[in-house]
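Just so we're on the same page: letters track the sequence lines, and every chain starts at 1.
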Amino acid sequence: MPLHEWTLSPEEAIALQWRLAPRVECRDRIGDVHRIAGIDIGFEQNGEITRAAVVVLAWPGLSMLEHVVHREPTRMPYIPGLLSFREVPAALQAFTLLNSPPDLVMVDGQGIAHPRRLGVASHLGLWLDIPTIGVAKSRLCGTHDDVPPRRGEWTPLRDGDETIGAVLRSRQSVKPVYISPGHRLGLETAVAWVVRCLGRTKLPEPTRLADRLASRRGAFL
DNA sequence: GCGACAG
DNA sequence: ATCTTGTCGC
């Protein structure tokens, strides 16, 4: 499978997504969780350099176990729906720098809440063959009702007759986050893990810390 | 044809 | 994503 061919045309990328989507698993196939990773990508030099950051937190406790950063030249532009082709290559390189693989990964972006059900979290999960959860700050596709105001409450994100994710109130009076299964777990399990990793901020700790490391803002120790 | 559009 | 300080609100 030519998953390593990242310099694809939009047409080729879309064709590849249609072929890979059927491989994504949304049934729980997740073992004991002791290491939870957060991954995010940032850019430097006017976007010419892609910076992938991965943090690994302990469960329970959420203490920092590892954190790595990988930089490389940016190869693809950002195109809605094709985000994974721009970010996954660098993310995979970053994962090779870890001392041991995580049991669960939270990704900044959508999982199956994607036009072809293959958002960046699903694509990365398929490649790593590790359970992944998509944690996005905004909507790509699908519709939903208003989200209840209480922290932890959520409403389903739907596309036609399919439920593709959850719009979660991770913090009161703050815009909700879009949660969707990436790979090897279902929606309920995905939401449960995100809620468990929630601090007082909008984003769960894994993604929040990876975000800071990727964009090199503030200290996170 | 006219919007919408993860990061 | 990124450029960017202080400021309003919960």
Side-chain angles (χ1 to χ4, degrees), chain A residues 6 10 13-14 16-17 20-21 24 38-54 69-92 94 105-126 132-144 147-153 157-160 164-183 187 190 194 198-204 206-218:
Chain A
W6 303 106
I14 289 173
L16 186 51
Q17 291 182 325
L20 297 176
V24 174
I39 166 81
D40 189 33
I41 275 64
F43 297 89
E44 305 173 6
Q45 319 285 330
N46 298 311
E48 290 176 44
I49 297 296
T50 295
R51 178 185 171 101
V54 177
V69 171
H70 166 73
R71 300 165 75 255
E72 66 177 41
T74 301
R75 314 182 211 180
M76 301 270 302
Y78 165 69
I79 299 174
L82 302 181
L83 178 66
S84 65
F85 295 92
R86 173 175 166 83
E87 305 193 336
V88 169
L92 292 174
V105 182
M106 305 213 328
V107 185
D108 199 313
Q110 315 289 349
I112 62 170
H114 175 280
R116 291 166 293 284
R117 308 292 180 264
L118 195 80
V120 61
S122 297
H123 202 156
L124 183 63
L126 267 183
T132 57
I133 297 173
V135 181
K137 295 182 288 298
S138 62
R139 184 191 70 88
L140 172 59
C141 67
T143 59
H144 63 84
V147 187
R150 296 293 187 178
R151 181 173 180 282
E153 294 190 294
L157 175 64
R158 304 195 194 76
D159 190 6
I164 59 178
V167 190
L168 172 72
R169 185 69 68 184
S170 55
R171 180 173 183 190
Q172 282 188 30
S173 305
V174 173
K175 297 196 60 172
V177 288
Y178 293 74
I179 308 303
S180 58
H183 186 48
L187 182 58
V194 170
L198 235 35
R200 302 166 185 163
T201 53
K202 165 176 178 171
L203 297 175
T207 292
R208 187 182 73 79
L209 294 172
D211 188 76
R212 295 186 43 178
L213 184 55
S215 56
R216 60 224 178 111
R217 287 173 283 177

Review point. Within the structure, does a side-chain N or O atom of A:Lys137 lie under 4.0 Å from either OP1 or OP2 of B:dG7?
Key: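 Answer yes for this pair, as a side-chain N or O of A:Lys137 is under 4.0 Å from OP1 or OP2.
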
Practice item. Return no unless some side-chain N or O of A:Ser138 is found under 4.0 Å from OP1 or OP2 of B:dG7. Key: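 So the side chain of A:Ser138 is within the cut-off, an N or O lying under 4.0 Å from OP1 or OP2 of B:dG7.
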
Mind checking what makes side-chain hydrogen bond (donor to acceptor under 3.5 Å, both in side chains) contact with [X], not counting sequence neighbours?
{"X": "A:Arg171", "answer": "none"}
{"X": "A:Gln45", "answer": "none"}
{"X": "A:Lys175", "answer": "none"}

Touch check for [X], heavy atoms < 4.0 angstrom, all strands: base, sugar-phosphate only, or nothing?
{"X": "A:Val120", "result": "base"}
{"X": "A:Ile49", "result": "nothing"}
{"X": "A:Gly47", "result": "nothing"}
{"X": "A:Asn46", "result": "nothing"}

Point to revise | Secondary-structure notation, DNA chain B, from Watson-Crick and G-U pairs under 3.5 angstrom (| other strand) | key: .......

Practice item. Could you tell me the separation between the CE atom of A:Met106 and the CD1 atom of A:Ile39, rounded to the nearest 0.5 Å? Key: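 That separation rounds to 12.5 Å.
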
Review point. At what distance, to the nearest 0.5 angstrom, does CG of A:Leu83 lie from CG of A:Leu118?
Key: 11.0 Å

Protein and nucleotides 3-5 of chain B: nitrogen or oxygen contacts under 3.5 angstrom:
{"from": "B:dC5", "atom 1": "OP1", "to": "A:Arg139", "atom 2": "NH2", "distance (Å)": "2.6"}

Point to revise | Residue pair A:Val135, A:Ile179: steps toward the side-chain contact (heavy atoms from CB on, under 4.5 Å) verdict | key: CA-CA 5 Å; A:Val135 181; A:Ile179 308 303; 4.0 Å; yes

Point to revise | Whole angstrom value for the distance that separates P of C:dA1 from CZ of A:Phe85 | key: 21 Å

Exercise for review: Round to a whole Å and report the spacing from CG of A:Asp40 to P of C:dA1.
Suggested key: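 Interatomic distance, CG of A:Asp40 to P of C:dA1: 7 Å.
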
Point to revise | Watson-Crick or G-U stems involving DNA chain C, each at least 3 pairs long, distances under 3.5 Å, ordered by first number | key: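 In DNA chain C, stems of three or more pairs: none.
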
Review item, nucleotides 8-10 of chain C N/O atoms under 3.5 Å of protein N/O:
{"from": "C:dC10", "atom 1": "O3'", "to": "A:Ser173", "atom 2": "OG", "distance (Å)": "3.2"}

So which protein N/O to nucleotides 2-7 of chain C N/O distances come out below 3.5 Å?
{"from": "C:dT2", "atom 1": "OP1", "to": "A:Phe43", "atom 2": "N", "distance (Å)": "3.2"}

Exercise for review: Check ring pair (Phe, Tyr, Trp, His ring centres under 6.0 Å) between A:His144 and all other residues, then give those that pass, not counting sequence neighbours.
Suggested key: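 Applying ring pair (Phe, Tyr, Trp, His ring centres under 6.0 Å) to A:His144 gives A:Tyr178.
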
List for me each residue that meets salt bridge (Lys or Arg N to Asp or Glu O under 4.0 Å) alongside [X], sequence neighbours excluded, and say none if there are none.
{"X": "A:Arg116", "result": "none"}
{"X": "A:Arg208", "result": "A:Glu205"}
{"X": "A:Arg158", "result": "none"}

Study note, to complete from the structure: When A:Asp211, A:Thr207, A:Asp108 are each screened for side-chain hydrogen bond (donor to acceptor under 3.5 Å, both in side chains) with A:Lys137, the one that passes is A:Asp108

